[in-house]
Amino acid sequence: MTVTEEATHTLIGTSAPRKEDARLLTGQGTFVDDITVPGMVWMAVVRSPYAHARIRGVDLTKARAGEGVVAAFSGAELADDWTAPLPMAWPVTEDINNPSHYALATDKARYAGDGVAVVVAATRALAQDAAELVEVDYEPLPAVIDVEAALADGAPIVHDEFGTNRCYTWPLAGGEDVDALFADAEVTVKERYRQQRLIPNPMEPRGVIASPVPATGEVTLYTSSQIPHIARVTLALGTGVPESKLRVIAPDVGGGFGSKLQVYPEEALAIVLAKRTGLPVKWIEERTENALATHHGRDMIQEIALAATAEGRITAVRVRLTVSMGAYLMIITPGTPLLGAWVYGGAYDLKGYAFECSGVFTNQTPTDAYRGAGRPEATYAIERAVDALARKLGKDPVELRRLNLISEFPHDLASGLTVDSGDYHATLDRALELLDYDGFRREQGERRERGGTKELGVGFSTYLEMCGLAPSRILGALRYVAGGWEAATIRFLPTGTVQVLTGTTPHGQSHDTTFAQVVADRLGVGYDEIEVLHGDTSVVPLGMDTYGSRSLAIGMAALCSATDKIVAKAQRIAAHGLEVAEADLEYEAGTFRVRGTDRTMTVKEAAFAAWHAHDLPDGLEPALEETAVYDPSVFSWPGGTHIAVVEVDTETGVADLVRYVAVDDVGTVINPQIVDGQVHGGITQGVAQALYEEAVYDENGTLVTGSLVDYLVPSAAELPSYELDRTVTQSPNHPLGAKGVGETGTIASTPAVVNAVLDALAPYGVTDIDMPASPERVWRAIQEARS
Ligand code: MCN
């Protein structure tokens, strides 16, 4: 017997009201900063103002005498407290240069914001005051902040022991011989793009409390994290607290966008200081610390070349990346750009593919995963290069895309992976229909003829995304140290309400809602009778957490397996209770029925029978609780078409996003409103990269955009109402036919917007612009083209 999807679906596919809203919208959420532990003290980190400086000495005398100060330590004084460096879980090559990275620097500060000492005091303000009394004797050194300069002879070296700033070089090639395809090509284009550095800005900054039980050596760590399970393993290794005694709790988490997919110095410090002082130690990040000391995203130079026929059939793609790692390798710093390695060919049917990525140390905040992690960068490069090819061939960018889109599935990418399903022509057709492409081009032409100062432009992105990270076997082959499986437990309580335990850890993705929708449908239990638990390693011991849009693709698949197990066990109980063979039962929406009769037993009744256990089939264990662990065999492959329309003021350079059409295919949709919300947020982050955000450093390595006054995060006022639609191509590899959605908007949108800006500027002959396409950059591009 299997659960029949068609018969039982009532909540899947509906916008069930978010379970999270009642708490979060009425101020009844619990974020780390809402938590107070008796006897709690506060931590402040002393950070280097220099991007690169030798630490000649740290004098803590005045700080230790400060009001309310409990303790103060330099990096050297804590050196023996660490049992391992901070984690770096992805040594992408055997010969990678992997510096030992501890929570506080001891020899050199390697970026502005690098921690060099720590103070613990009675209150947050007293800790911050005392931190200012710490006297650090720095010898400033020349800093390097440009990846290409960092590789030049004579560049300042970030980690002296390596004698070079090169961290690694990682190649990938597939399909036919790429050199031969380029040699035979009738047309080629070669482009160079810069992915500016971005600063993640979740509404809730980071925060930790490490609460010890000195008598037993136990520590509870509350942390605003996307990865409590991974944090527990790695922090146990690094601080010497046995894993069994370390409980990590991610309570409500107010956004992460990849920046909380990290194990940070402050988490390790709080644990070690809690051990040292025997007191609960709390730290809440300042917004300026978020800019300096939370990992950054992107930051690379991309060189991409396309080989094509005269007609415009793309035969090969060659890519070379030079990526800033920043000063240290954090948890997946080296691997982050490689997450895009398979999709620089986009949704196009290629014959050959060659990719090479070099990681480079610079005196900057470390980079790591930022929403999309590697895949927005890939999509940007290929989508802009396709437009460049269209320009060179004098073809319409839509027609060139049509000619090249993959149209048969499963499709083996030249890069080596197999896309299970999709219909890229369908998403493109629907998006063009929503846009009214012909109408748009007419209006654009009329404007151009009238010769005003407001030019219209349209940009396309027919993207392919790889998410659902990831099959453990592939992760192992790629030298990532952990697996990619996920776990789920379903527990019936005696009264028939249900606890769902998931190893995923939401931080804005509404798992309480969508996971409950699926369980309600599959077990016939009321939506309100289901409680979804996550983010506490003592409540949910097994998990691999949330990133890479994996929660639905993997966590939900584990959940479906757990429901199947529950139904199978309940069926044995029902057959026993109804005194029939299991095969005589049919199951629908939580009820077993003896075929052709009105004799029934519900899953809830079976759960109660399993609890009192007075009359269970021989050998059946009491209690109705099942756990499933699911390891995917493939990635999840969403895709679609995004179209941006901009209006560029040629006198001021302001590019206004006036329309945005997105048609995504994420397979079966569990909750349309939540999926729309994910797409909305994702698009906004991608638009932000295209038009607004950039981490700017001066030549000394000082972060110039260190506050939200200088770092321009767009608000609703800058953005139009997005026009969204979907097509549905079910994934044959997911029990619900669904694909991930958490990053699609970010992955797709950036090139659509920049292509639109360039389309608007086409009459001026402008063919390239760096991001963000700020008014100044746009204005200069026009002036340069005019002269
Ligand atoms: N969903 C659905 N139907 C689908 C696909 C997804 O109803 N076909 C639902 C899922 O059940 C889940 C949500 O949409 O409730 C997102 O699912 P999924 O695509 O699996 O993504 P994850 O839950 O794994 O979230 C991770 C992803 C990433 S990697 C980043 S970064 C990110 C993001 O999601 N950061 C976010 N979305 C964010 N949203 C908010 N508000 N804040 C962040 O920091």
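Heavy-atom basis, side chains included; hydrogens, waters and symmetry copies ignored. For ligands, and for the atoms within them, numbers begin at 1 and follow the listed sequence. Each residue takes its place number in the sequence, starting with 1.
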Please say whether more than 12 non-hydrogen atoms of neighbouring residues, nucleotides or ligands are located less than 6.0 Å from CZ in Arg194. yes
Residue list, side chain to side chain contact (heavy atoms under 4.5 Å, CB included) with Val481, at least two apart or on another chain: Ala89, Pro91
Quick check for students: name every N or O atom pair between ligand 1 and the protein closer than 3.5 Å, with distances.
from: ligand 1; atom 1: 3 (N); to: Ile670; atom 2: N; distance (Å): 3.1
from: ligand 1; atom 1: 7 (O); to: Ile670; atom 2: N; distance (Å): 3.4
from: ligand 1; atom 1: 7 (O); to: Asn671; atom 2: N; distance (Å): 3.1
from: ligand 1; atom 1: 8 (N); to: Val666; atom 2: O; distance (Å): 3.2
from: ligand 1; atom 1: 8 (N); to: Thr668; atom 2: O; distance (Å): 2.8
from: ligand 1; atom 1: 8 (N); to: Lys739; atom 2: O; distance (Å): 3.1
from: ligand 1; atom 1: 11 (O); to: Thr514; atom 2: OG1; distance (Å): 2.8
from: ligand 1; atom 1: 15 (O); to: Gln509; atom 2: O; distance (Å): 2.6
from: ligand 1; atom 1: 15 (O); to: Thr514; atom 2: OG1; distance (Å): 2.9
from: ligand 1; atom 1: 19 (O); to: Val741; atom 2: N; distance (Å): 2.6
from: ligand 1; atom 1: 19 (O); to: Gly742; atom 2: N; distance (Å): 2.8
from: ligand 1; atom 1: 20 (O); to: Ser551; atom 2: N; distance (Å): 3.4
from: ligand 1; atom 1: 20 (O); to: Leu552; atom 2: N; distance (Å): 2.8
from: ligand 1; atom 1: 23 (O); to: His511; atom 2: NE2; distance (Å): 2.6
from: ligand 1; atom 1: 23 (O); to: Ser551; atom 2: OG; distance (Å): 3.2
from: ligand 1; atom 1: 24 (O); to: Arg550; atom 2: N; distance (Å): 3.2
from: ligand 1; atom 1: 24 (O); to: Ser551; atom 2: N; distance (Å): 3.0
from: ligand 1; atom 1: 24 (O); to: Ser551; atom 2: OG; distance (Å): 2.7
from: ligand 1; atom 1: 25 (O); to: Gln509; atom 2: NE2; distance (Å): 3.2
from: ligand 1; atom 1: 34 (O); to: Gln509; atom 2: NE2; distance (Å): 3.2
from: ligand 1; atom 1: 37 (N); to: Arg371; atom 2: NH2; distance (Å): 3.1
from: ligand 1; atom 1: 37 (N); to: Gln678; atom 2: OE1; distance (Å): 2.6
from: ligand 1; atom 1: 39 (N); to: Gln678; atom 2: NE2; distance (Å): 3.3
from: ligand 1; atom 1: 41 (N); to: Gly508; atom 2: O; distance (Å): 3.1
from: ligand 1; atom 1: 42 (N); to: His507; atom 2: O; distance (Å): 3.4
from: ligand 1; atom 1: 44 (O); to: Gly256; atom 2: N; distance (Å): 2.7
from: ligand 1; atom 1: 44 (O); to: Phe257; atom 2: N; distance (Å): 2.8

For Asp420 and Ser731, which I'm curious about, is there any donor-acceptor pair between the side chains at under 3.5 Å? yes
Side chains of Gln678 and Gln509: is there a donor and an acceptor less than 3.5 Å apart? no
What one should report as the nearest heavy-atom pair of Glu486 and Gly543 is OE2-CA, 3.2 Å
Describe, in one word, how the ring planes of Phe635 and Trp637 are oriented to each other, choosing from parallel (under 30°), tilted (30 to 60°) and perpendicular (over 60°). perpendicular
